[in-house]
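Here's the structure we're looking at; comments come further down.
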Amino acid sequence: MVIDPREIEQFLYREARLLDEGHFDEWLDLFTADAVYWLPVGQSDTDPDRQVSIIYDSRHEMERRVARLKSGYAHAQDPPSRTHRIVSNVELSTFDPGDASLTASTVMVLFALTRHKHAIHSARCEFRLLRESALWRIARKKVSLLRSNEALDGIPYLV
Amino acid sequence: MTNQDLGALIRSDAVHRSVYTDPAIFDLEMERIFGRTWVYLGHTSEIREAGDYKTTYIGKHPIVLSRLSDGGVAALLNRCRHRGATVCQHELGNSRFFRCAYHGWTYANSGRLVGVPHPAGYGPSFAREELGLARLPRLGIHRGFIFGSLAAEGQGLEEYLGGTKTLIDEFCDVSPTGELEVFPGYQKCAYDGNWKYQVENGVDPYHVQHLHRSTFTEEALKIYSEAKGLVVDMDGHGVTDHRDSGPLPPDGSPSGGFNLVVFPNLVLLRTQIRTIRPISVNRTEIYTNVVRLQKVPEELNIRRLHSQQFEFGPAGVIYVDDLEIFERTQGGLQSSAVDWLLFSRGLSRERMHGRYLSSAMSDETQHRGMYRHWKRLMTAAPASAGTGERAQDGH
């Protein structure tokens with residue numbers, strides 16, 4: 001299968017935009033049923049079962065996070081943060097026809113305004129994407145924040 | 001500010017807003033609380049092997065904890081005796097020596113000064129043995145919990161911990177070996193607010209069903225019902241005791257056990273060792289370790305780790321709302337139109353349970369106890385003149 005890089009880029013931009021616009025259910029729909037969402041603490045962390053992470057969610061926990069945001073009691077999102085994400089430096093691995101997957105690496109810069117407080121996060125992201133019934137799905141999203149091992153102000157929005 | 005002025009900020013049922021907002025009071029806290037009493041520094045499992053070190057802080061003082069070749073622990077000021085640069089730059093590591101990058105002064109990890117380039121320039125009276133890294137006057141370890149004090153004299157650690165020693169023991173005894181380890185890595189958070197909000201919040205059952213309504217299930221909230229458990233002023237430290245619902249559960253679920261705040265900077269709850277680091281009157285950092293148990297199935301430790309990092313840390317579904325409310329509180333307290341924060345819940349119904357003043361689960365006996373402790377420390381004369389904030393020369 002020949003992959004058009006623009007198709008992957010558009011997919012990644014859409015993932016970012018769904019979060020910026022607060023379309024959390026549509027965002028969840030981008031992920032596989034056994035997806036993993038990981039924000040490690042250490043830049044060289046490899047084992048989230050043995051090292052402390054900022055986030056290490058299964059699909060179930062991602063759904064709980066979204067349910068919380070929609071519960072009406074997510075106080076740290078009252079009012080909701082507004083965010084802009086810039087997705088750049090997209091690099092793709094070759095498509096593996098064995099499990100219909102590829103890996104996309106990006107740099108993401110996130111600007112977040114929570115009430116009057118402005119935060120900037122820069123991150124290296126890695127997406128493992130699967131081709132399922134002619135659609136791309138995210139099997140794994142890893143976000144390595146530049147400041148992952150610094151004391152961080154609350155991150156009540158999805159990254 | 002006189003001691004009388006400081007004492008008047010703590011009433012039996014209320015605390016004055018300036019305790020959270022006045023930079024001069026913050027500076028006095030660094031001197032009279034963090035500079036005189038016992039401060040939690042780290043866990044022995046973080047510096048297990050000879051040469052292991054960890055950098056941390058007591059108030060604003062940069063500290064290196066190091067494991068010596070004889071198995072002992074040294075707590076040193078991370079400050080070159082020559083011109084003051086920090087000599088150890090990493091959070092955790094292993095080294096037998098610390099070398100200042102500026103002029104090459106080199107110290108053994110015990111603090112002893114072992115190398116000075118071109119020493120002849122200092123003349124014959126140069127007292128190298130007096131110029132080791134300054135050593136904390138006192139270091140104490142209880143069940144792997146390392147505490148340090150910048151004061152040469154005063155209450156010993158055991159006496160200072162008082163009844164909380166037994167709770168620390170229970171926290172350790174969840175591990176079948178009686179020993180704890182910490183998972184590598186910290187969850188590190190920060191907020192624009194005073195450090196004492198975390199002290200209060202670590203033992204505050206009253207808030208859970210309101211602030212954390214988005215996350216806690218009805219089942220989990222049962223242990224916070226008024227009919228059960230106690231809040232306790234335990235020798236000036238804060239405890240919420242839910243052990244009537246069961247002991248601390250090994251899987252880290254919120255179904256029993258207790259929360260403990262060892263004043264001023266240590267919080268033990270569920271699977272966590274939380275350390276409070278005051279940065280300024282309106283800025284605080286929180287470093288959290290997740291505790292591993294020894295000789296239990298690996299799945300249990302993985303469950304402990306995963307549940308804690310879903311709920312806590314800078315993106316934790318529970319903790320983001322705590323961080324938010326700390327900042328809202330600092331915002332509200334900017335108003336000088338209302339002076340007092342209320343700490344009066346349970347005043348009429350608190351009673352002695354055994355040795356300790358205790359009350360119903362939603363009450364504030366534990367907070368009042370910690371503010372009496374704050375007042376004692378803030379209005380006390382130093383144990384002996386001149387030793388209050390000065391570390392001793394190391395050798």
Side-chain angles (χ1 to χ4, degrees), chain A residues 36-58 60-81 110 112 114-119 121 123 143 145 147-159, chain B residues 91-92 182-193 207 209-217 271-272 275 277 279 283-292 298-299 301-328 331:
Chain A
V36 167
Y37 173 43
W38 185 26
L39 273 73
V41 166
Q43 294 298 318
S44 55
D45 282 3
T46 53
D47 188 349
D49 287 341
R50 286 183 174 74
Q51 292 160 315
V52 174
S53 300
I54 299 170
I55 292 176
Y56 182 62
D57 279 3
S58 65
H60 172 68
E61 283 150 342
M62 294 167 70
E63 287 171 1
R64 282 184 64 197
R65 253 177 228 280
V66 165
R68 186 190 105 82
L69 289 171
K70 292 160 62 182
S71 69
Y73 299 105
H75 300 293
Q77 283 293 276
D78 175 23
S81 302
L110 164 61
T114 306
R115 259 178 293 118
H116 305 294
K117 203 164 159 174
H118 190 218
H121 290 285
V143 181
L145 296 173
R147 293 189 292 146
S148 60
N149 195 29
E150 301 295 308
L152 295 170
D153 287 52
I155 306 177
Y157 39 84
L158 294 164
V159 173
Chain B
E91 185 164 72
L92 294 163
V182 296
F183 283 98
Y186 303 88
Q187 287 200 318
K188 298 180 185 171
C189 303
Y191 61 88
D192 291 326
H207 82 286
Q209 57 189 303
H210 308 288
L211 186 62
H212 302 311
R213 186 166 168 184
S214 69
T215 302
F216 270 98
T217 60
T271 69
Q272 298 176 33
T275 311
R277 186 183 162 210
I279 304 293
R283 184 78 178 163
T284 304
E285 293 183 357
I286 306 295
Y287 285 29
T288 300
N289 284 122
V290 183
V291 170
R292 274 179 72 93
E298 196 53 23
E299 300 78 52
N301 275 323
I302 291 172
R303 256 172 83 188
R304 288 168 65 87
L305 178 62
H306 290 178
S307 76
Q308 292 305 290
Q309 61 199 12
F310 178 64
E311 294 176 3
F312 296 94
V317 295
I318 289 176
Y319 205 59
V320 288
D321 286 333
D322 289 314
L323 293 168
E324 169 72 14
I325 213 68
F326 299 159
E327 298 198 345
R328 289 188 191 182

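We name chains A, B, ... by the order of the sequence lines, and we start the count at 1 in each one.
Using a 4.5 Å cut-off between heavy atoms, B:Leu211 contacts chain A through both its backbone and its side chain. Contacts of B:Arg304 with chain A are absent, with no heavy-atom separation under 4.5 Å from either backbone or side chain. Within the 4.5 angstrom heavy-atom criterion, no atom of B:Asn301 approaches chain A. At a 4.5 Å heavy-atom cutoff, B:His212 makes no contact with chain A through either its backbone or its side chain. With a threshold of 4.5 angstrom between heavy atoms, A:Lys70 does not approach chain B through any atom at all. A:Asp57 touches chain B through its side chain: at least one heavy atom from C-beta onward sits under 4.5 Å away, while N, CA, C and O do not. Only the side chain of B:Glu327 comes within less than 4.5 Å of a heavy atom of chain A; its backbone N, CA, C and O stay farther away. For B:Arg277, no part lies under 4.5 angstrom from a heavy atom of chain A.
Judged by distance alone, with hydrogens and angles left aside, the side-chain atoms of B:Gln272 form no donor-acceptor pair with the main-chain N or O of B:Val291 at under 3.5 Å. Checked by atom type and distance alone, the side chain of B:Lys188 pairs as donor or acceptor with a backbone atom of A:Asn149 at under 3.5 Å. Between the side chain of A:Tyr37 and the backbone N or O of A:Val159 there is at least one donor-acceptor pair closer than 3.5 Å.
Comparing B:Leu323, B:Asp192, B:Val290 by how many heavy-atom pairs each has under 4.5 Å with chain A, the most go to B:Asp192. In terms of heavy-atom pairs under 4.5 Å with chain A, the best-connected choice from B:Pro314, B:Gly313, B:Gly185 is B:Pro314. Per-residue counts of heavy-atom pairs under 4.5 Å with chain B were compared for A:Leu39, A:Val41, A:Val52; the largest is that of A:Val52. For chain B, the option among A:Pro48, A:Pro40, A:Ser148 with the highest count of heavy-atom pairs below 4.5 Å is A:Pro48.
With rounding to the nearest 0.5 Å, the separation of OG in B:Ser214 from CZ in A:Arg64 is 10.0 Å.
In this structure, B:Tyr319 and B:Phe312 have tilted ring planes: the angle between them lies in the 30° to 60° band. Taking the six-membered ring where tryptophan is involved, the planes of A:Tyr56 and A:Trp38 are perpendicular, since the angle between them exceeds 60° and thus also 30°.
In this model, a donor atom of one side chain and an acceptor atom of the other lie less than 3.5 Å apart for A:Gln77 and A:Ser81. Side-chain atoms of B:Glu311 and B:Thr215 include no donor-acceptor pair closer than 3.5 Å.
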